[in-house]
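See structure below.
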Amino acid sequence: MLDELMAMKRSEMLAACRAEISQPEGVHRLAECVSKVFDDLACLLKPDADDAGEPPCSTTAAGFEASLVGTSAAMSRVRIAINRLSHRSRAPVLILGDAGTGRRRCARALHFETYPDGEFLELEDLDQLNGLERRLATLRARSGSEFTGGLTVYIRNLLDCPLKLQDKVAHLTRERGLSLRVVTSSHQPLSAPGVQQGRLGADLLRAFPNELKLPPLIEREADVCELARHLAQAASKKTGQPPVRFSEAAFTRLQTHSWPENVIELAALVDRLSREHAGELIDDVDLSELDTRPSGIVFRLPPSGLDLAALERELLAQALAMAGNNQTRAASLLGLTRDQIRYRLAKFEIATLAVRTG
């Protein structure tokens, strides 16, 4: 169809180009037009490097609302925080959350709420950030900005960035005169006990006073069914096959799984089911690989009592040993989030003990 349209319009396009070239300054205007066409094509063809298992973000408000699926109290708090921060257009924001909780999508949603007609850039290395700084310097020298709709710069996993890049990020947060916001992400607060001050640039702690915390999926039990339906519909659009459906028993199994890898794990599961059972009804027997959280523990307090702190410390050490010192898996064994288990590890100072017992 595209070939037919191009064939029909080719003569008209050539005639318009000849007419444009014959006019004063016509060649320059034509060059600018061609450049814009290629820029637009590059944007359309560029792959979206979004979170694994999630469809590319839409550029509409409805699309971004869909990217933050869920009506749980935890997600309501996230939406309220995004709305509040959107009114502080230049305030740097640190998005806190474990892998798979949707940190990049949240950054995009915050950008859209703040700068609906603006530009979203994701930077991953020092060369890209240096290039952006040179671009901003040029704009400041011209006393103007091509970012008329605003610009959001997103840097992933701040604590994993080299120290030199962290210093550059801290400098970028102090940019004035342009509608520019810096957003970054981390799995724990910059002021957490486990974060060594020497790993951070001198100004980085003060650069991100605004934190937006994303809940793990284990704290969003009320959203799991809606997420599963949403992901099934997305998989159906991608494959062209009918979406899978879930029985009540299957939904119960999904809701009682611990989801240590959060939405990424759920998305991978729904994607596999969509490929293997397109259009079918998924029952709990099809989800036998999922574990279930214990509904209760039969335990009687001994007449002599016990040392609760010592018991908690022992359970933490055993969970870490069983999980091979993987804190996410250990947290899942105890029904905790990764942040919660890290707090307890620091409280009881058992991180080195866990290594010895592993």
Side-chain angles (χ1 to χ4, degrees), residues 43 46-58 64 67-68 78 81-82 85-86 90-115 118-133 135-136 150-175 180-192 194-196 199-201 203-205 207-217 260-268 327-328 337-339 342:
C43 291
K46 183 179 179 181
D48 194 312
D50 213 332
D51 289 344
E54 297 183 3
C57 284
S58 168
F64 278 110
S67 73
L68 299 176
V78 170
I82 288 175
L85 290 169
S86 68
R90 296 184 186 178
V93 177
L94 173 66
I95 299 177
L96 296 172
D98 292 338
T101 52
R103 292 174 296 188
R104 184 190 285 109
R105 281 196 172 274
C106 187
R108 286 180 178 268
L110 176 61
H111 164 73
F112 185 83
E113 290 292 329
T114 308
Y115 302 130
E119 184 177 355
F120 182 91
L121 293 178
E122 181 175 349
L123 305 183
E124 297 183 351
D125 56 46
L126 191 59
D127 289 340
Q128 290 177 320
L129 190 54
N130 288 335
L132 174 64
E133 287 187 326
R135 188 178 177 189
L136 295 177
L151 168 68
T152 298
V153 177
Y154 176 59
I155 299 98
R156 295 179 58 194
N157 300 324
L158 185 62
L159 294 179
D160 297 333
C161 295
L163 189 60
K164 186 177 292 187
L165 180 58
Q166 292 178 2
D167 289 338
K168 291 278 190 178
V169 170
H171 174 74
L172 193 61
T173 63
R174 297 192 292 272
E175 173 66 40
L180 169 68
R181 162 180 269 160
V182 179
V183 180
T184 188
S185 64
S186 172
H187 61 267
Q188 60 181 322
L190 303 185
S191 58
V195 178
Q196 297 177 2
R199 292 177 53 204
L200 301 179
D203 300 329
L204 207 57
L205 281 171
F208 292 94
N210 301 287
E211 294 181 350
L212 178 56
K213 183 171 175 55
L214 299 183
L217 193 53
E261 298 178 37
N262 297 297
V263 181
I264 287 181
E265 183 182 355
L266 176 60
Q327 293 182 0
T328 300
T337 67
R338 192 160 63 172
D339 285 344
R342 281 177 173 164

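The basis for the numbers below is simple: all heavy atoms, side chains too, and nothing from hydrogens, waters or symmetry mates. Positions are given from 1, in the same order as the sequence printed here.
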**Study point:** Test side chain to side chain donor-acceptor pair (under 3.5 Å) applied to Glu122 and Arg104, Arg108, Gln128, the passing residue
**Key:**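 In the set Arg104, Arg108, Gln128, the residue that makes a side chain to side chain donor-acceptor pair (under 3.5 Å) with Glu122 is Arg104.
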Which atom pair, heavy atoms only, marks the closest approach of [X] to [Y]?
X: Glu133; Y: Lys168; result: OE1-NZ, 3.3 Å
X: Leu68; Y: Ala109; result: CD1-CB, 3.7 Å
X: Thr173; Y: Ala207; result: OG1-CB, 3.6 Å
X: Val78; Y: Cys106; result: CG1-SG, 4.4 Å
X: Ala91; Y: Asn210; result: CB-ND2, 3.5 Å
X: Leu110; Y: Ile82; result: CD1-O, 3.9 Å

Calculate, to the nearest 0.5 Å, the distance between atoms [atom1] and [atom2] belonging to [X] and [Y] respectively.
X: Arg135; Y: Leu121; atom1: CZ; atom2: CG; result: 6.0 Å
X: Cys161; Y: Asp125; atom1: SG; atom2: CG; result: 10.0 Å
X: Leu159; Y: Thr184; atom1: CG; atom2: OG1; result: 8.0 Å
X: Asp98; Y: His187; atom1: CG; atom2: NE2; result: 8.0 Å
X: Leu172; Y: Asp167; atom1: CG; atom2: CG; result: 12.5 Å
X: Ser86; Y: Arg181; atom1: OG; atom2: CZ; result: 7.5 Å

**Study point:** Residues forming a ring pair (Phe, Tyr, Trp, His ring centres under 6.0 Å) with Tyr115, sequence neighbours excluded
**Key:**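 Counting only residues at least two positions away or on another chain, Tyr115 forms no ring pair (Phe, Tyr, Trp, His ring centres under 6.0 Å).
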Exercise for review: Please examine the side chains of Leu212 and Val183, heavy atoms only from C-beta on, and report whether any two atoms are closer than 4.5 Å.
Suggested key: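 Counting from C-beta outward, Val183 and Leu212 never come under 4.5 Å.
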Review point. Backbone N or O of Asn157 within a donor-acceptor pair of the Ser185 side chain at under 3.5 Å?
Key: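 Yes: the side chain of Ser185 pairs with the backbone of Asn157.
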Review point. Do the side chain of Arg103 and the main chain of Gly97 share a donor and acceptor less than 3.5 angstrom apart?
Key: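 Here the side-chain-to-backbone pair exists.
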Exercise for review: For side-chain contact (heavy atoms from CB on, under 4.5 Å), just list the numbers for Thr152 and Thr114, CA-CA rounded to whole Å, side-chain angles, deciding distance to a tenth of an Å, and then say yes or no.
Suggested key: CA-CA 9 Å; Thr152 298; Thr114 308; 5.7 Å; no
Exercise for review: Check the pair Lys164, Leu126 against side-chain contact (heavy atoms from CB on, under 4.5 Å), reporting the backbone distance first and the verdict last.
Suggested key: CA-CA 8 Å; Lys164 186 177 292 187; Leu126 191 59; 3.4 Å; yes
